[in-house]
Amino acid sequence: MPAIDAAAFLRDLHALRGIGRFRTGVHRPTYSPQDMESRRWLMDRMAECGLDPSIDGVGTVIGRHPGSGPHLLVGSHIETQNEAGWLDGALGVVAGLALARAGLPVDVVAFADEEGHFDVGFLGSRSAIGDLAEADIDAGRNSHDGTPLRDALAAAGLAGLPRLRLDPARYRGFLELHIEQGTRLEGAGHAVGIVTGIVAIWQWRIVIEGQQDHAGGTTMAERRDAGLAAVRLLAAIDREFPRLCGEASTWTTGRIALEPGAPSIIPGRAEILFQFRDVAVPVLERMEAGLRALVRESNRRERCTARLEAVSRATPALCDPGLMRALSTAAEAICPGGWQTLPSGAGHDAQNVARIMPAAMLFVPSIGGVSHHWAEDTREEDLVQGLRVLGRAAEQVLAG
Ligand code: GLV
Ligand code: MN
Ligand code: MN
């Protein structure tokens, strides 16, 4: 294999970091002008690396290798969480470019909206595996401001473009290089992690209706305070879940919005965005049953009404044993004793791609475990080492 150009790889990563820069990180929410600029930037880089670039009807960018197969699919996503890090997603896509530049027969992909700015859940990768109906797009809304997905696609100039459909017969598999977004590798002093499985994220909206009223004139006995009911429900979840969950399950309340949200008004409505994660469907189902029971209990106890709406339920995935073996062999050759296996607590497009072809992931350490924050970072030596392991594994899989 021609040598990997580590300098070009780092140059690309820093160039992409410059689009939508926010402090030391970036702000590229899906379909924002800076996000669309980064997609155009990516298509230009793909063309430079000899790939045929295109963008599809949900914004997924793919660069196809023009030669004969076998091929590998390599990539991740390039939009970011708001005011977040420069590597989450970008690393896997730019690593794909580096492999293409080195002459490997890879297609490079950047799936749209892995970060879930729209409430569809893994919009790009689900669309590409044939798991997204037009009706799902019709129903999609921006989780931050409620903009219909159709309107956002039209404003970004994507309306009417055909949607990418991946052909599994074209590929030996999918490889995604990503930052760990946790502290296990750093804690163990390891430079590389081979991912065993990827959690599923199940997202919920909990809407609590009370009665908006005067904060002074309404006695404590009279009031129906949706904010208090929300806080008590969330505290009950936090007490109950440790009894139902798995060893590595997590649960998070990302937002509580109180209406009307003023100091002297009893909140009449609370909207909670809640999620939990695990790698095992039976555990996820147990957590869902527990959540439903707690909402019923809240409705018995409180003078407010809580309603639970499912926003999205992803599918957990195990990584492909053959691809994991190739990654492990490459890791042992490049950093002997300096790697480990580990599960992914973050969701990734690989979990969807795994439903139609072999898929595997490789992690490099995150400094301090920080991610979904602009301070997210990884040492350049670790980025390059991860790329080398990816390249060597890709070469082996393609030769096999
Ligand atoms: C993906 O970014 C996740 O939140 O796991
Ligand atoms: Mn990511
Ligand atoms: Mn992310």
Side-chain angles (χ1 to χ4, degrees), residues 13 16-17 20 22 25-30 35 38 42 59-61 74-96 108-126 143-144 174-184 193 195 197-204 248-255 273-279 284 311-317 319 342-354 359-366 369-378 383 386 390:
L13 267 181
L16 185 49
R17 185 185 201 171
F22 178 82
V26 284
H27 178 69
R28 285 197 305 265
T30 309
D35 174 54
S38 72
L42 177 61
T60 292
V61 172
V74 182
S76 188
H77 59 95
I78 55 171
E79 82 284 333
T80 70
Q81 292 285 344
N82 291 334
E83 301 179 357
W86 67 297
L87 294 168
D88 178 359
L91 174 61
V93 175
V94 171
V108 178
V109 66
F111 292 111
D113 203 35
E114 189 272 351
E115 294 294 2
H117 288 275
F118 290 82
D119 57 10
V120 176
F122 292 110
L123 178 60
S125 50
R126 281 183 49 212
S143 312
H144 305 277
F174 174 64
L175 291 176
E176 182 170 358
L177 173 63
H178 206 281
I179 50 166
E180 182 199 345
Q181 310 178 283
T183 54
R184 291 173 68 153
V195 176
I198 306 168
V199 293
I201 308 173
W202 287 17
Q203 313 244 36
W204 308 89
S249 307
T250 57
W251 53 94
T252 305
T253 302
R255 188 192 320 161
L273 296 187
F274 180 72
Q275 63 161 245
F276 51 77
R277 302 176 178 218
D278 200 85
V279 282
L284 293 159
V311 174
S312 58
R313 287 186 185 85
T315 313
C319 291
L342 80 179
S344 171
H348 297 287
D349 291 310
Q351 70 200 82
N352 294 313
V353 181
M361 291 192 74
L362 181 64
F363 280 170
V364 290
S366 295
V370 175
S371 187
H372 285 186
H373 187 282
W374 53 265
E376 167 192 286
D377 207 1
T378 295
L383 296 173
L390 180 78

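Keep in mind it's a predicted model, so treat the numbers as computed, not measured. We count ligands from 1, going down the list as the structure has it; atoms in each ligand are counted the same way.
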* Of all N/O/S atoms in E115, which lies nearest to the Mn ion (ligand 3)? -> OE2
* Proximity flag Q181 to ligand 1, non-hydrogen atoms under 4.0 Å -> no
* To do: Please state whether V199 comes within less than 4.0 angstrom of ligand 1, counting heavy atoms only.
  => no
Does ligand 1 come near enough to [X] that some N or O of the ligand is less than 3.5 Å from an N or O of the residue?
{"X": "E115", "value": "yes"}
{"X": "G347", "value": "yes"}
{"X": "R277", "value": "yes"}

Give a yes or no answer on whether the side chain of [X] reaches the backbone of [Y] with a donor-acceptor pair at less than 3.5 Å.
{"X": "H178", "Y": "L87", "value": "no"}
{"X": "S371", "Y": "E376", "value": "no"}
{"X": "S76", "Y": "V93", "value": "no"}
{"X": "E176", "Y": "G92", "value": "no"}
{"X": "S312", "Y": "V120", "value": "no"}
{"X": "E114", "Y": "G124", "value": "no"}
{"X": "N352", "Y": "F122", "value": "no"}

* To do: Check step by step if side chain to side chain donor-acceptor pair (under 3.5 Å) holds for Q181 and S366.
  => CA-CA 6 Å; Q181 310 178 283; S366 295; over 6 Å; no
* Specify whether an N/O/S atom of D349 falls short of 2.8 Å from the Mn ion (ligand 2). => no
* Structure fact -> Near A346 (heavy-atom distance under 4.0 Å), the atoms of ligand 1 are 5 (O)
* N, O or S atom within H77 nearest to the Mn ion (ligand 2), by name -> NE2
* To do: Could you check atom 1 (C) of ligand 1 against the protein and tell me its nearest heavy-atom contact, residue, atom and distance included?
  => E114 OE2, 3.5 Å
* May I have the angle between D88 OD2 and H372 NE2 with its vertex at the Mn ion (ligand 3), rounded to 10°? => 90°
* Structure fact -> The answer for which part of H372 has a heavy atom under 4.0 Å from ligand 1 is side chain
